[in-house]
Amino acid sequence: EPAVSGQRKDIELIHGDAARNPHIDQTAWANWIQNLPEDEFQARAKGAFSHLTGAIFKDFDQSVHVIDPNRIEMFKTGWPQGWPVIEAIDPHVIGNKPHAVLWLGIDKNDLLHVIDYLSFNGNIQELGEEIKKKRKGKSIIQSMSDTSLNQDVDRQNQYNLLCLTGVRPRLAKKKDLVIPGINYISTLLKERKLYIWDHCGPVIRDFKLYMWNMDHEGEPIKQNDDYIDCLRYALEVSHTFVRLATVIHTIDSFESYGG
């Protein structure tokens, strides 16, 4: 999985066609593969991991959607100062699962870039301090969070605790918006309007491994979805390019996906 996601650049991923294995009985092989669904055929026969059965983002192509910012002139020194960035948080206030945070930049052509991420184990106030470190140099126009932040743990409201650190996110709209959010992300991928910077390995991993529940039509499996959820929350915010004069600025109005 680290190689599939691009997180481990020291591991070379080699795709191979199983039919070229000289030790396979070709007649038995042909009989077996003829009944495989296309996406499973791509994974099992061709070694194309991006075609795993039930993959939600079948249009995600690492060779297209994952970019090295150091090879693009305007990004060689990082995300340009004053260009808007949306912050999105998927906190896990109960259990040992790491908190997930994503930063989505909007460039001058209204193209979207996942420019940074954070995976962090710790309490909610420690998370706030880590977020503030990551904010350095980013012109944040809005911070969004999963509604799970607004709950009490040991009689302390986690949203209020995070706000005390200076991180004051807006709670995302969640009801009945998972599928519209997935569809909108899929459209952005198809139209090549969404890109991920190549150091964001866990984000790339989620795009590759986020799956439909084959036993419940139209329902995604709640795995490998932390950064996809973050992205959905970020996309609730109006994402049209406006150059900002200040580093921290808040836009309070938004309507729906694609607004």
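The model shown is predicted, which means the values in this text are computed figures rather than measured ones.
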ask   = side-chain contact (heavy atoms from CB on, under 4.5 Å) between F207 and I56: does it pass, once the steps are laid out?
value = CA-CA 8 Å; F207 266 96; I56 290 178; over 6 Å; no
message = As a quick check of understanding, evaluate side-chain contact (heavy atoms from CB on, under 4.5 Å) for Y227 and I196, giving each step before the final call.
response = CA-CA 11 Å; Y227 293 100; I196 304 169; over 6 Å; no
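We find the CD1-CE distance between I221 and M214 to be 8.5 Å, quoted to the nearest 0.5 Å. The OG atom of S186 sits 10.5 Å away from the NZ atom of K58 when rounded to the nearest 0.5 Å. In this structure, CD1 on I228 lies 5.5 Å from CD1 on I185, to the nearest 0.5 angstrom. Going from atom CG of L102 over to atom CG of D90 covers 10.5 Å, rounded to the nearest 0.5 Å. Note: L235 CG to L194 CG = 7.5 Å, rounded to the nearest 0.5 Å. Note that CZ of R232 is 8.5 Å distant from CD1 of I179, once rounded to the nearest 0.5 Å.
Taking N150 as the reference, N157, Y159, L171 meet the side chain to side chain contact (heavy atoms under 4.5 Å, CB included) condition, with sequence neighbours excluded. Checked against ring pair (Phe, Tyr, Trp, His ring centres under 6.0 Å), H65 has the following partners two or more places apart in sequence or in another chain: F60. Applying the salt bridge (charged side-chain N to carboxylate O under 4.0 Å, His left out) test to E217 and every residue at least two apart in sequence or in another chain returns nothing. For E130, the side-chain hydrogen bond (donor to acceptor under 3.5 Å, both in side chains) criterion is met by K133, not counting sequence neighbours. Partners of T77 according to the side-chain hydrogen bond (donor to acceptor under 3.5 Å, both in side chains) rule, which considers only residues two or more places apart in sequence or in another chain, do not exist here. Residues satisfying the ring pair (Phe, Tyr, Trp, His ring centres under 6.0 Å) test with F75, not counting sequence neighbours, are W79, H113, W197. With sequence neighbours left out, the salt bridge (charged side-chain N to carboxylate O under 4.0 Å, His left out) criterion links K222 to D225, D229. Partners of E219 under the side-chain hydrogen bond (donor to acceptor under 3.5 Å, both in side chains) rule, at least two apart in sequence or in another chain, do not exist in this structure.
If you chain together hydrophobic residues whose side chains sit under 4.5 Å apart, V64 and V66 never meet in one group.
Y210 and V178 make their closest contact through OH-CG1, 4.4 Å (heavy atoms, listed as atom of the first residue, atom of the second, distance). The minimum heavy-atom distance linking Y117 with W103 is given by the pair C-CZ3, 3.7 Å. Between Q158 and L149, the shortest heavy-atom contact is CB-O, 3.2 Å. Looking at every heavy atom in both residues, N213 comes nearest to D215 through OD1-N, 2.9 Å. Shown here for V167 and G128, the closest heavy-atom pair between the two residues is CG2-O, 3.7 Å. Counting all heavy atoms, side chain and backbone alike, P220 lies closest to W212 at N-CE3, 3.8 Å.
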Give the table of side-chain donor-acceptor pairs shorter than 3.5 Å for residues 118-127, with sequence neighbours excluded, one pair per line with atom names and distance.
residue: N123; atom: OD1; partner: Q125; partner atom: N; Å: 3.0
residue: N123; atom: OD1; partner: E126; partner atom: N; Å: 2.8
residue: E126; atom: OE1; partner: N123; partner atom: N; Å: 2.9

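Screening residues 91-112 for salt bridge (Lys or Arg N to Asp or Glu O under 4.0 Å) gives K97-D226 as the qualifying pairs, with residues at least two apart or on separate chains. Sorted by first then second residue, the salt bridge (Lys or Arg N to Asp or Glu O under 4.0 Å) pairs that include residues 145-157, not counting sequence neighbours, are D146-K174. The salt bridge (Lys or Arg N to Asp or Glu O under 4.0 Å) analysis of residues 74-88, with sequence neighbours excluded, yields the pairs E73-K76, E87-R135.
Annotation: side chain of E236 is not in contact with side chain of Q142 (no heavy-atom distance under 4.5 Å). A heavy-atom distance below 4.5 Å is not found between the side chains of L161 and V153.
Y195 contributes a side-chain N or O that, together with a main-chain N or O of R192, makes up a donor-acceptor pair within less than 3.5 Å. The backbone N or O of L189 lies less than 3.5 Å from no partner atom in the side chain of E191, so there is not a single donor-acceptor pair. A donor-acceptor distance shorter than 3.5 angstrom exists from the side chain of K138 to the backbone of K134, with no hydrogens or angles considered. Checking side-chain atoms of H99 against main-chain N and O of V93 turns up no donor-acceptor pair under 3.5 Å.
More than 12 non-hydrogen atoms from other residues, nucleotides or ligands lie less than 6.0 angstrom from NZ of K132.
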